[in-house]
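Inspection log for the structure reproduced underneath, given as C-alpha coordinates.
Convention: sequence-line order gives letters A, B, ...; per-chain numbering from 1. Quantities reported herein were computed from a predicted structural model and do not represent experimental measurements. Scope of the values below: all heavy atoms of this structure, side chains included, with no hydrogens, waters or symmetry mates.
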Amino acid sequence: MAQTANAISLKDCKVEVSTNGSTWTDISGFATSVEVGGGDRQTAEAYTFDGDTAIVASGKREPVEVTVKVVYTEGTSEPFETVCAAYEAGSDFYVRWSPKGGQAGEFLFTSGKGIIKSLTYPQGEAGSGDPVLVEFTLVTPSITKSAAV
Amino acid sequence: MTRKRERRYQAKALLWHTAEGRYVGAGEEVDLSHLSPGDIARLVEAGLVEIVKEENNGTNGKCDLSEGLQG
(Lines give C-alpha, C1' and ligand atoms only; values in the text may rest on other atoms or scores of the structure.)
Protein backbone atom coordinates (compact mmCIF):
# COMPACT_ATOMS: atom_id res chain seq x y z
CA MET A 1 0.00 0.00 0.00
CA ALA A 2 1.31 3.45 -0.90
CA GLN A 3 2.59 5.71 1.86
CA THR A 4 -0.06 8.06 3.19
CA ALA A 5 0.04 11.74 2.34
CA ASN A 6 -2.64 12.55 4.90
CA ALA A 7 -0.69 12.53 8.17
CA ILE A 8 -1.41 15.49 10.42
CA SER A 9 0.23 17.17 13.36
CA LEU A 10 -1.66 18.59 16.31
CA LYS A 11 -0.76 22.18 15.45
CA ASP A 12 -4.39 23.03 14.60
CA CYS A 13 -5.96 20.95 17.39
CA LYS A 14 -9.00 22.44 19.06
CA VAL A 15 -9.55 21.64 22.73
CA GLU A 16 -12.81 22.39 24.51
CA VAL A 17 -14.23 21.81 27.97
CA SER A 18 -17.76 21.68 29.28
CA THR A 19 -19.58 21.31 32.56
CA ASN A 20 -22.74 19.89 30.97
CA GLY A 21 -21.72 18.17 27.71
CA SER A 22 -23.70 20.55 25.52
CA THR A 23 -22.20 24.02 26.01
CA TRP A 24 -18.51 24.01 25.15
CA THR A 25 -15.75 26.50 25.87
CA ASP A 26 -12.81 26.61 23.48
CA ILE A 27 -9.58 26.53 25.49
CA SER A 28 -7.25 26.07 22.52
CA GLY A 29 -5.61 29.37 23.38
CA PHE A 30 -4.62 27.98 26.79
CA ALA A 31 -4.09 24.26 26.20
CA THR A 32 -0.58 23.07 25.38
CA SER A 33 -1.04 19.30 25.29
CA VAL A 34 -3.57 16.49 25.47
CA GLU A 35 -2.64 13.02 26.62
CA VAL A 36 -4.92 10.02 26.70
CA GLY A 37 -4.34 6.85 28.67
CA GLY A 38 -6.18 3.90 30.08
CA GLY A 39 -9.24 2.42 28.45
CA ASP A 40 -7.72 -1.05 28.23
CA ARG A 41 -10.12 -3.90 27.90
CA GLN A 42 -9.64 -6.38 30.69
CA THR A 43 -8.49 -9.74 29.50
CA ALA A 44 -7.79 -13.01 31.23
CA GLU A 45 -6.36 -16.30 30.22
CA ALA A 46 -6.45 -19.90 31.29
CA TYR A 47 -4.38 -22.87 30.28
CA THR A 48 -5.56 -26.41 29.86
CA PHE A 49 -3.51 -29.59 29.82
CA ASP A 50 -4.38 -30.01 26.20
CA GLY A 51 -2.81 -27.68 23.66
CA ASP A 52 0.07 -25.24 23.98
CA THR A 53 -1.60 -21.83 24.01
CA ALA A 54 -3.92 -19.96 26.33
CA ILE A 55 -7.67 -19.62 26.21
CA VAL A 56 -8.19 -15.86 26.23
CA ALA A 57 -11.40 -14.15 27.27
CA SER A 58 -12.37 -10.51 27.28
CA GLY A 59 -13.88 -8.40 30.04
CA LYS A 60 -14.96 -4.79 30.39
CA ARG A 61 -13.09 -1.68 29.34
CA GLU A 62 -11.33 0.33 32.01
CA PRO A 63 -11.92 4.08 32.36
CA VAL A 64 -10.05 6.49 30.13
CA GLU A 65 -7.86 9.24 31.58
CA VAL A 66 -7.48 12.46 29.62
CA THR A 67 -4.75 14.79 30.83
CA VAL A 68 -4.75 18.36 29.54
CA LYS A 69 -1.98 20.83 30.22
CA VAL A 70 -2.99 24.49 30.17
CA VAL A 71 -1.33 27.84 30.70
CA TYR A 72 -2.08 29.13 34.18
CA THR A 73 -4.00 32.41 34.15
CA GLU A 74 -6.20 34.08 36.72
CA GLY A 75 -9.31 35.20 34.81
CA THR A 76 -12.48 33.98 36.49
CA SER A 77 -13.80 32.31 33.33
CA GLU A 78 -10.43 30.99 32.19
CA PRO A 79 -9.48 27.31 32.27
CA PHE A 80 -7.68 27.13 35.60
CA GLU A 81 -10.58 28.65 37.51
CA THR A 82 -13.18 26.58 35.66
CA VAL A 83 -11.29 23.35 36.19
CA CYS A 84 -10.41 24.17 39.78
CA ALA A 85 -14.08 24.77 40.60
CA ALA A 86 -15.12 21.42 39.09
CA TYR A 87 -12.23 19.63 40.81
CA GLU A 88 -13.03 21.05 44.24
CA ALA A 89 -16.76 20.34 43.84
CA GLY A 90 -16.23 16.87 42.35
CA SER A 91 -18.76 17.87 39.73
CA ASP A 92 -19.30 16.64 36.18
CA PHE A 93 -16.79 17.69 33.57
CA TYR A 94 -16.23 16.94 29.91
CA VAL A 95 -13.34 17.40 27.49
CA ARG A 96 -13.29 17.12 23.75
CA TRP A 97 -10.63 17.69 21.17
CA SER A 98 -10.40 17.73 17.43
CA PRO A 99 -6.95 16.94 16.03
CA LYS A 100 -7.60 18.87 12.81
CA GLY A 101 -9.54 21.74 14.37
CA GLY A 102 -13.17 20.65 14.25
CA GLN A 103 -14.26 22.10 10.92
CA ALA A 104 -17.04 20.39 8.97
CA GLY A 105 -16.18 16.76 8.37
CA GLU A 106 -13.33 16.67 10.89
CA PHE A 107 -13.40 14.29 13.80
CA LEU A 108 -14.10 15.18 17.40
CA PHE A 109 -13.16 12.98 20.34
CA THR A 110 -15.49 13.67 23.22
CA SER A 111 -15.24 12.35 26.74
CA GLY A 112 -18.25 10.96 28.48
CA LYS A 113 -19.32 12.52 31.75
CA GLY A 114 -16.21 12.49 33.88
CA ILE A 115 -14.64 13.62 37.10
CA ILE A 116 -11.46 15.62 37.46
CA LYS A 117 -9.24 13.26 39.36
CA SER A 118 -6.24 15.52 39.78
CA LEU A 119 -5.21 19.11 39.30
CA THR A 120 -1.76 20.59 39.69
CA TYR A 121 -1.57 24.03 41.23
CA PRO A 122 0.81 26.71 39.91
CA GLN A 123 4.37 25.86 40.77
CA GLY A 124 7.89 26.48 39.53
CA GLU A 125 11.30 27.89 40.23
CA ALA A 126 12.37 31.49 40.71
CA GLY A 127 14.94 31.51 37.93
CA SER A 128 12.66 30.23 35.21
CA GLY A 129 11.01 32.52 32.68
CA ASP A 130 8.71 29.76 31.46
CA PRO A 131 4.99 30.46 31.50
CA VAL A 132 3.41 28.61 34.40
CA LEU A 133 1.53 25.52 33.29
CA VAL A 134 -0.97 23.47 35.23
CA GLU A 135 -2.57 20.19 34.27
CA PHE A 136 -5.70 18.30 35.09
CA THR A 137 -6.69 14.70 34.57
CA LEU A 138 -10.25 13.74 33.76
CA VAL A 139 -11.41 10.19 34.40
CA THR A 140 -14.25 9.20 32.11
CA PRO A 141 -15.91 5.94 31.11
CA SER A 142 -15.19 6.30 27.39
CA ILE A 143 -14.40 8.56 24.47
CA THR A 144 -16.88 9.04 21.62
CA LYS A 145 -15.69 9.77 18.10
CA SER A 146 -17.96 11.89 15.93
CA ALA A 147 -17.62 14.13 12.91
CA ALA A 148 -18.38 17.83 13.12
CA VAL A 149 -21.02 19.22 10.77
CA MET B 1 -42.89 31.89 -8.43
CA THR B 2 -41.13 28.56 -8.07
CA ARG B 3 -39.27 27.65 -4.89
CA LYS B 4 -36.18 25.48 -5.17
CA ARG B 5 -36.59 22.32 -3.13
CA GLU B 6 -33.91 21.93 -0.46
CA ARG B 7 -31.94 18.72 -0.55
CA ARG B 8 -32.25 16.54 2.50
CA TYR B 9 -29.37 14.65 4.04
CA GLN B 10 -29.02 11.66 6.29
CA ALA B 11 -26.11 10.91 8.62
CA LYS B 12 -24.06 7.81 7.87
CA ALA B 13 -21.96 8.12 11.04
CA LEU B 14 -22.27 9.77 14.41
CA LEU B 15 -22.18 13.54 13.84
CA TRP B 16 -21.88 16.49 16.18
CA HIS B 17 -24.19 19.22 14.87
CA THR B 18 -22.38 22.44 15.74
CA ALA B 19 -25.38 24.67 15.01
CA GLU B 20 -27.83 22.61 17.06
CA GLY B 21 -25.33 21.55 19.77
CA ARG B 22 -26.33 17.89 19.71
CA TYR B 23 -25.37 14.52 18.31
CA VAL B 24 -27.06 13.19 15.20
CA GLY B 25 -26.91 9.41 14.97
CA ALA B 26 -26.31 7.37 11.84
CA GLY B 27 -29.55 7.05 9.90
CA GLU B 28 -31.06 10.28 11.23
CA GLU B 29 -31.86 13.17 8.95
CA VAL B 30 -29.47 16.08 9.40
CA ASP B 31 -29.93 19.76 8.59
CA LEU B 32 -26.87 21.03 6.71
CA SER B 33 -28.30 24.44 5.76
CA HIS B 34 -25.59 26.19 7.80
CA LEU B 35 -22.82 24.71 5.63
CA SER B 36 -21.50 25.80 2.25
CA PRO B 37 -22.09 23.60 -0.82
CA GLY B 38 -18.37 22.81 -0.82
CA ASP B 39 -18.48 21.60 2.79
CA ILE B 40 -21.54 19.48 2.06
CA ALA B 41 -19.89 17.96 -1.01
CA ARG B 42 -16.88 17.01 1.13
CA LEU B 43 -19.13 15.40 3.76
CA VAL B 44 -20.84 13.34 1.07
CA GLU B 45 -17.53 12.38 -0.49
CA ALA B 46 -16.16 11.37 2.93
CA GLY B 47 -19.15 9.10 3.43
CA LEU B 48 -20.38 10.97 6.50
CA VAL B 49 -23.74 11.95 5.03
CA GLU B 50 -25.83 10.92 2.05
CA ILE B 51 -28.57 12.59 0.09
CA VAL B 52 -32.05 11.38 1.02
CA LYS B 53 -33.64 9.99 -2.11
CA GLU B 54 -36.99 11.63 -2.72
CA GLU B 55 -39.83 9.26 -3.56
CA ASN B 56 -40.99 9.96 -7.13
CA ASN B 57 -44.77 10.31 -7.24
CA GLY B 58 -44.81 10.53 -11.03
CA THR B 59 -45.34 14.30 -11.12
CA ASN B 60 -41.66 15.13 -11.60
CA GLY B 61 -41.92 17.62 -8.78
CA LYS B 62 -44.89 19.50 -10.30
CA CYS B 63 -47.99 19.85 -8.19
CA ASP B 64 -51.18 18.75 -9.91
CA LEU B 65 -53.97 21.15 -8.92
CA SER B 66 -56.48 19.99 -11.51
CA GLU B 67 -58.40 17.82 -9.06
CA GLY B 68 -58.93 20.75 -6.75
CA LEU B 69 -60.28 22.89 -9.61
CA GLN B 70 -62.91 20.41 -10.70
CA GLY B 71 -66.49 20.49 -9.55
Side-chain angles (χ1 to χ4, degrees), chain A residues 1-2 4-8 10 12-29 31 34 36 39 61 64 66 68 77 82 92-114 138 140-149, chain B residues 1-70:
Chain A
M1 186 176 277
T4 181
N6 298 323
I8 61 161
L10 279 186
D12 296 323
C13 182
K14 184 177 186 180
V15 184
E16 297 166 285
V17 294
S18 173
T19 55
N20 57 21
S22 57
T23 306
W24 294 89
T25 303
D26 184 353
I27 62 163
S28 305
V34 176
V36 185
R61 282 188 288 166
V64 178
V66 183
V68 181
S77 59
T82 307
D92 298 343
F93 207 74
Y94 302 76
V95 174
R96 78 178 177 191
W97 67 101
S98 175
K100 293 177 80 173
Q103 301 301 306
E106 295 173 350
F107 289 131
L108 300 168
F109 296 87
T110 306
S111 78
K113 185 168 72 177
L138 180 86
T140 181
S142 63
I143 302 293
T144 300
K145 187 187 88 170
S146 61
V149 297
Chain B
M1 194 169 94
T2 57
R3 183 169 167 269
K4 190 179 173 186
R5 182 182 290 187
E6 295 292 332
R7 269 196 172 151
R8 293 158 60 218
Y9 297 90
Q10 181 173 295
K12 292 181 73 182
L14 182 64
L15 305 176
W16 173 261
H17 200 290
T18 52
E20 296 175 4
R22 67 179 184 91
Y23 283 113
V24 178
E28 283 185 59
E29 201 165 305
V30 56
D31 177 7
L32 300 180
S33 60
H34 60 299
L35 297 179
S36 70
D39 282 339
I40 296 172
R42 277 190 291 278
L43 292 173
V44 173
E45 190 182 353
L48 295 169
V49 299
E50 63 185 354
I51 298 165
V52 175
K53 290 187 178 70
E54 301 287 345
E55 284 181 23
N56 190 343
N57 60 7
T59 61
N60 290 327
K62 293 173 185 166
C63 188
D64 184 1
L65 298 173
S66 58
E67 280 186 21
L69 295 173
Q70 289 171 355

ask   = Could you state the interatomic distance from CH2 (B/Trp16) to OG1 (A/Thr144), rounded to the nearest 0.5 Å?
value = 11.0 Å

request  = Using the side-chain contact (heavy atoms from CB on, under 4.5 Å) rule, pick out the option among B/Leu32, B/Val24, B/Thr18 that qualifies with A/Val149.
outcome  = B/Leu32

key: Region of B/Leu35 that comes under 4.5 Å of a non-hydrogen atom in chain A   = side chain

note = Shortest non-hydrogen pair, A/Ser22 vs B/Gly21, comes out as CB-O, 4.4 Å

ask   = Considering all heavy atoms of both residues, which atom of A/Ala104 and which atom of B/Leu43 are nearest to each other, and what is their separation?
value = C-CD2, 4.1 Å

